[in-house]
Amino acid sequence: MSDVFREVDEDIRREQLRKLWRRFAPFVIAAAILIVAGTAGYRGWEYWQKSRAEANGDRFIAALELAIADKHDESIAALESIATDGSGGYPVLAGFRIAAEKAAAGDNAGAVAAFDAIAARGDTPAEIKNLARLRAALLIVDRADFADLKNRIGDLATVGNPWRHTARELLGLGAWRSGDYAAAKSYFEEINADQETPAALRQRSQLMLALIAAEAPESPAGNKPEGQG
């Protein structure tokens, strides 16, 4: 008798399972299709991204090879194309290389413009922007107005900024060249007092402080020599 009841129970369960399957089968099948389609789409996206990165890498290497072959104008044109429509980090790399090519060719104005363009890009990481700003300042430190240098990199010279050492040296040199010995002395003293200043930079700052002391001894009128106001 118990076997009969067991068979009835199994028939009832099978019938319930069939009803549940008929009710939910479309949803189960749709979910399975979505999972398969999503996985395939993700794999396809990964492949596309990899292919795109490889293509950009090939374009960048080809542009460098043109530079090595002294075809600088062609190299710059190829790099500018990458900077315009490249992906990943290649547009920024291309921008730095464009600036380097222009600087090597004596086109400092073009190189500065290229570094400024990198710093102006919205997708450029903050530290890369700051590096581009410093590279531009380095190119103009021997002729730029001190106020222009301060506008460009003055904020990078603050305590705790990772670029402060280079920024202070450039600002100190700019101030010294402009005859603002008080400002120059201040920047080089900051370099000298900073416990994290690299040894070579500390030595250069001490030499500059000695030079400033020799050229512009302390005076009640300020630390500028005669004729500087």
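Numbering starts at 1 and runs along the sequence shown.
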Nearest-0.5 Å distance that lies between atom [atom1] in [X] and atom [atom2] in [Y]:
{"X": "E189", "Y": "I191", "atom1": "CD", "atom2": "CD1", "result": "10.5 Å"}
{"X": "L201", "Y": "T166", "atom1": "CG", "atom2": "OG1", "result": "7.0 Å"}
{"X": "F60", "Y": "I82", "atom1": "CZ", "atom2": "CD1", "result": "6.5 Å"}
{"X": "I98", "Y": "E80", "atom1": "CD1", "atom2": "CD", "result": "5.0 Å"}
{"X": "T84", "Y": "L79", "atom1": "OG1", "atom2": "CG", "result": "10.5 Å"}
{"X": "D180", "Y": "L171", "atom1": "CG", "atom2": "CG", "result": "11.0 Å"}

Where do [X] and [Y] come nearest, in terms of heavy atoms and distance?
{"X": "G172", "Y": "A184", "result": "O-CB, 3.5 Å"}
{"X": "A114", "Y": "A99", "result": "CB-CB, 3.7 Å"}
{"X": "A157", "Y": "A167", "result": "N-CB, 3.9 Å"}
{"X": "A175", "Y": "A183", "result": "CB-CB, 3.9 Å"}

>> So L209 and K185, do their side chains get closer than 4.5 Å, heavy atoms only?
In response: yes

> With side chains defined as the heavy atoms from C-beta onward, is the minimum distance between R164 and E196 less than 4.5 Å?
Replying inline: yes

Side chain to side chain donor-acceptor pair (under 3.5 Å) against [X], all qualifying residues, sequence neighbours excluded:
{"X": "R168", "result": "E190, D194"}
{"X": "R121", "result": "D123"}
{"X": "S186", "result": "none"}

> Going through the checks in order, is the side chain to side chain contact (heavy atoms under 4.5 Å, CB included) test met by D85 and R59?
Replying inline: CA-CA 11 Å; D85 59 20; R59 290 169 66 193; 2.9 Å; yes

> Any side chain to side chain donor-acceptor pair (under 3.5 Å) pairs touching residues 131-140, not counting sequence neighbours?
Replying inline: N130-R133, R133-D155

> Which pairs pass side chain to side chain donor-acceptor pair (under 3.5 Å) with one or both residues in residues 139-152, sequence neighbours excluded?
Replying inline: D116-R152

According to side chain to side chain contact (heavy atoms under 4.5 Å, CB included), who are the partners of [X], at least two apart in sequence or on a separate chain?
{"X": "L139", "result": "A103, N108, A111, V112, F115"}
{"X": "V141", "result": "L149, L170, L173"}
{"X": "Q203", "result": "none"}
{"X": "L207", "result": "none"}

>> In this structure, would M208 and Y187 fall into the same cluster of hydrophobic residues linked by side-chain contacts under 4.5 Å?
In response: yes

> Which pairs count as ring-ring contact (aromatic ring centres under 6.0 Å, His included) when at least one residue sits in residues 132-164, sequence neighbours excluded?
Replying inline: none

> Which pairs with one or both residues in residues 188-215 pass ring-ring contact (aromatic ring centres under 6.0 Å, His included), sequence neighbours excluded?
Replying inline: none

>> Once salt bridge (charged side-chain N to carboxylate O under 4.0 Å, His left out) is applied, do any residues pair with E127, and if so which ones, sequence neighbours excluded?
In response: none

> Any donor and acceptor pair, going by atom type alone, linking the side chain of T197 with main-chain N or O of R202 inside 3.5 Å?
Replying inline: no

